[in-house]
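Here's the structure we're looking at; comments come further down.
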2 protein chains.
Amino acid sequence: MAEIARKLGVSPTLVSLVLSGKGNQFGIKKETQEAVRKLAAELNYVPNSVASSLRTGRTKIVGLIVPDISNPFFSRIARSIEDAASSAGYYLMVCSADEDTARENQLLHIIRQSQRAAGIIVCTAQTDMQPFAEMIEQNYPLVFIDRDLPGLNRQFVGVNNRSGAQKAVEHLIAAGRKRIGMLSIGPSHLSSVRDRVQGWKEALAQAGMADTVNLLREVPFGDVEKATAAAVKELTQGPGAVDAIFTANNRLAIAAINALRETGKSIPDDVALVSFDDIDVFPLLQPPLTAMAQPAEAIGREAAELLLALINKTKAPSDAHSIVLDAELRIRRSV
Amino acid sequence: MAEIARKLGVSPTLVSLVLSGKGNQFGIKKETQEAVRKLAAELNYVPNSVASSLRTGRTKIVGLIVPDISNPFFSRIARSIEDAASSAGYYLMVCSADEDTARENQLLHIIRQSQRAAGIIVCTAQTDMQPFAEMIEQNYPLVFIDRDLPGLNRQFVGVNNRSGAQKAVEHLIAAGRKRIGMLSIGPSHLSSVRDRVQGWKEALAQAGMADTVNLLREVPFGDVEKATAAAVKELTQGPGAVDAIFTANNRLAIAAINALRETGKSIPDDVALVSFDDIDVFPLLQPPLTAMAQPAEAIGREAAELLLALINKTKAPSDAHSIVLDAELRIRRSV
DNA sequence: TTGAAAGCGCTAACAA
DNA sequence: TTGTTAGCGCTTTCAA
């Protein structure tokens with residue numbers, strides 16, 4: 001910048017003003033502005049973002065904390081956040097916390113305190129509100145996605161897990177299924193998982209099948225494949241065997257399919273299957289899998305827009321706000 | 001930092017020295033060091049990374065430019081880069097360039113000039129070496145992944161596409177297939193795609209089947225589904241119909257499966273199918289799909305380590321270096 | 001064993 | 001319409 005100023009015989013201030021688009025506002029002559037812009041382009045000048053951030057106290061980076069960026073659900077969200085952020089001149093910093101509360105808190109703290117990001121979008125693994133409450137109180141821009149912490153005065157973007165799950169189970173009931181088991185991750189305190197289980201229960205209750213709520217099986221995070229195999233085996237055997245399974249996410253669905261094949265059960269003849277969370281290969285399976293699709297792109301876009309509004313203070317930080325999108329039942333042939 | 005110094009009655013210099021681990025090197029009293037560290041912890045002090053970066057000219061961010069972070073291949077790589085980077089105290093900034101050369105160059109230029117990242121790992125969409133040549137000459141830390149630009153004095157991490165493709169096609173030949181078509185993306189200048197086509201050709205030639213190189217069909221980026229359907233239809237019809245198809249990536253494989261189903265061809269009875277690039281659902285298909293698996297995690301890890309070495313100058317930036325990993329044939333039942 | 005002072009490159013208040 | 005000056009929070013050199 002100094003070089004431009006020197007070559008043009010003007011002050012660095014003027015150059016800064018012009019290049020940050022405040023030329024007219026400060027009434028700088030059109031020709032001067034032209035000259036500055038021309039020389040900047042010739043020299044391939046790009047402002048040092050570090051210096052600018054230090055001076056202004058703002059940074060053009062959006063932080064994203066998710067359990068695992070290699071999970072397709074989160075990488076799709078990341079992509080759409082990136083798109084929305086980049087049209088506003090922001091970049092995306094991605095962190096995987098691996099469902100580890102301590103790691104997540106460490107990331108939250110460091111990213112914020114070190115001024116690495118102007119705000120954070122988080123899919124939290126915890127139920128402890130305290131770390132977040134503090135950030136929110138201090139008006140740090142923060143948006144929750146997918147998993148909510150409803151007690152907080154927070155911004156949230158996610159899907160309607162309860163009604164989505166209900167819709168999925170109603171579809172099974174409408175197809176004449178009488179004993180509908182559920183495979184979930186757990187024991188879980190995560191709002192998304194809890195709400196899906198809740199939706200399943202409500203659908204059962206409304207159909208007068210409340211007595212089958214004992215057909216819930218919770219599989220630990222760490223050991224999905226083996227534990228699912230065991231749960232499926234148990235659910236599909238004996239006199240009280242299920243004739244349908246509803247899974248809380250795509251990983252459980254995949255594990256369940258494998259387990260059903262191993263035990264020689266046919267889908268949908270012996271057991272119907274519906275997954276919450278659709279992925280692009282489910283249509284390719286035999287039979288193609290019926291699933292609740294989540295609008296990952298919309299979640300990312302809405303979350304990014306909300307965060308940018310908070311950063312730019314176009315949104316009062318204090319009013320709690322939820323954007324709840326609908327999941328869509330994609331009927332295929334596994335029911 | 002000033003606060004810590006004031007409360008302890010020492011200078012900011014001393015605090016900085018202690019907290020950046022140079023306490024012993026400067027011979028600062030153990031007790032003083034202890035006191036500084038203790039108070040810093042109590043105050044939850046985290047250094048302002050922006051100020052530190054401005055002063056030192058270094059930043060603890062690794063830039064990653066890929067065509068699309070929502071593609072599972074790249075999100076898996078991103079995850080492993082993140083892991084390697086974060087153990088060295090670095091964060092990951094992710095940018096999707098969407099196979100758009102102009103966008104990619106803009107990102108490269110801005111990220112570098114604005115000092116946003118200490119180095120860049122890139123899966124490039126272009127063949128123009130000039131933008132890269134300049135960066136490399138100026139010793140900017142740069143590592144290529146997946147797609148190489150072999151004329152350059154560069155660092156590269158990827159898989160052996162040629163020999164991998166050859167292995168896949170040899171597997172088809174060993175199974176008695178006589179007319180092996182290939183579906184590729186194109187017309188493509190990308191090293192990875194080119195090398196896979198080359199491997200296919202070489203395998204054919206070595207088996208005395210060089211006359212079937214006309215069974216290559218190139219599908220444009222933008223329109224994979226429809227163009228693949230057309231290509232598959234053409235390849236599988238008439239007297240010269242193929243009895244096997246080798247696809248250059250997983251998206252083409254998925255499109256090919258759909259196309260084969262639509263035309264009523266059975267896999268593998270009518271047409272055998274092998275995909276380059278395995279994804280986690282291929283084993284679930286009927287039949288489970290034989291594929292060349294790429295070690296995405298290893299690619300990310302090696303690339304991150306190479307980049308960090310460049311950043312820390314433990315590696316002389318001038319010596320070109322390639323890490324070429326082997327793809328692995330996962331034999332399932334589509335052949 | 002510790003401190004003073006300078007300066008990274010930019011921007012914002014104030015002055016001219 | 002433009003320039004001067006100060007300072008963001010840290011690190012590094014040099015001095016004590």
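Every chain is numbered from 1 and lettered A, B, ... according to where its sequence line falls, protein lines coming before strand lines.
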side-chain contact (heavy atoms from CB on, under 4.5 Å) with [X]: which residues, sequence neighbours excluded?
| X | result |
| --- | --- |
| A:Leu54 | B:Val50, B:Ala51, B:Leu54 |
| A:Pro47 | A:Tyr45 |
| A:Pro295 | A:Val159, A:Ala298, A:Leu325 |

Please list every donor-acceptor pair under 3.5 Å in which a side-chain atom of residues 300-307 of chain A meets a protein atom from a residue at least two apart or in another chain.
none

Which letters describe nucleotides 7-15 of chain D, given B = protein heavy atom under 4.0 Å from base, S = only from sugar-phosphate, - = neither?
BBBBBB---
Mind checking if A:Gly9 touches a base, just sugar-phosphate, or nothing, with heavy atoms under 4.0 Å?
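Sugar-phosphate, backbone atoms only, no base.
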State which residues pass salt bridge (Lys or Arg N to Asp or Glu O under 4.0 Å) with A:Glu3; sequence neighbours excluded, sorted by chain then number.
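A:Glu3: salt bridge (Lys or Arg N to Asp or Glu O under 4.0 Å) contacts with A:Lys7.
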Just to verify, what does A:Phe144 make a ring-ring contact (aromatic ring centres under 6.0 Å, His included) with, not counting sequence neighbours?
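Checked A:Phe144 against ring-ring contact (aromatic ring centres under 6.0 Å, His included); matches are A:Phe132.
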Reading DNA chain C in the 5' to 3' direction, which nucleotide is the first one with an atom under 4.0 Å from a heavy atom of chain B, and which is the last?
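Range of nucleotides touched by chain B: C:dT1 to C:dG9.
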Of all pairs that satisfy side-chain hydrogen bond (donor to acceptor under 3.5 Å, both in side chains), the ones with a partner from [range], not counting sequence neighbours:
| range | value |
| --- | --- |
| residues 47-59 of chain A | none |
| residues 18-29 of chain B | B:Asn24-B:Lys30, B:Asn24-B:Gln33 |
| residues 91-113 of chain A | A:Ser96-B:Glu82, A:Asp98-B:Arg79, A:Glu99-A:Arg147, A:Arg103-A:Gln106, A:Glu104-A:Thr124, A:Glu104-A:Gln126, A:Asn105-A:Gln126, A:Arg112-A:Gln138 |

B:Arg37 vs B:Leu19 side-chain heavy atoms within contact, under 4.5 Å
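Yes, side chains in contact.
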Would you mind reading off the bend of the helix from C:dT1-D:dA16 to C:dA16-D:dT1 from its two end axes, five pairs each, to 10 degrees?
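Taking the rotation axis at each end, their angle is 40°.
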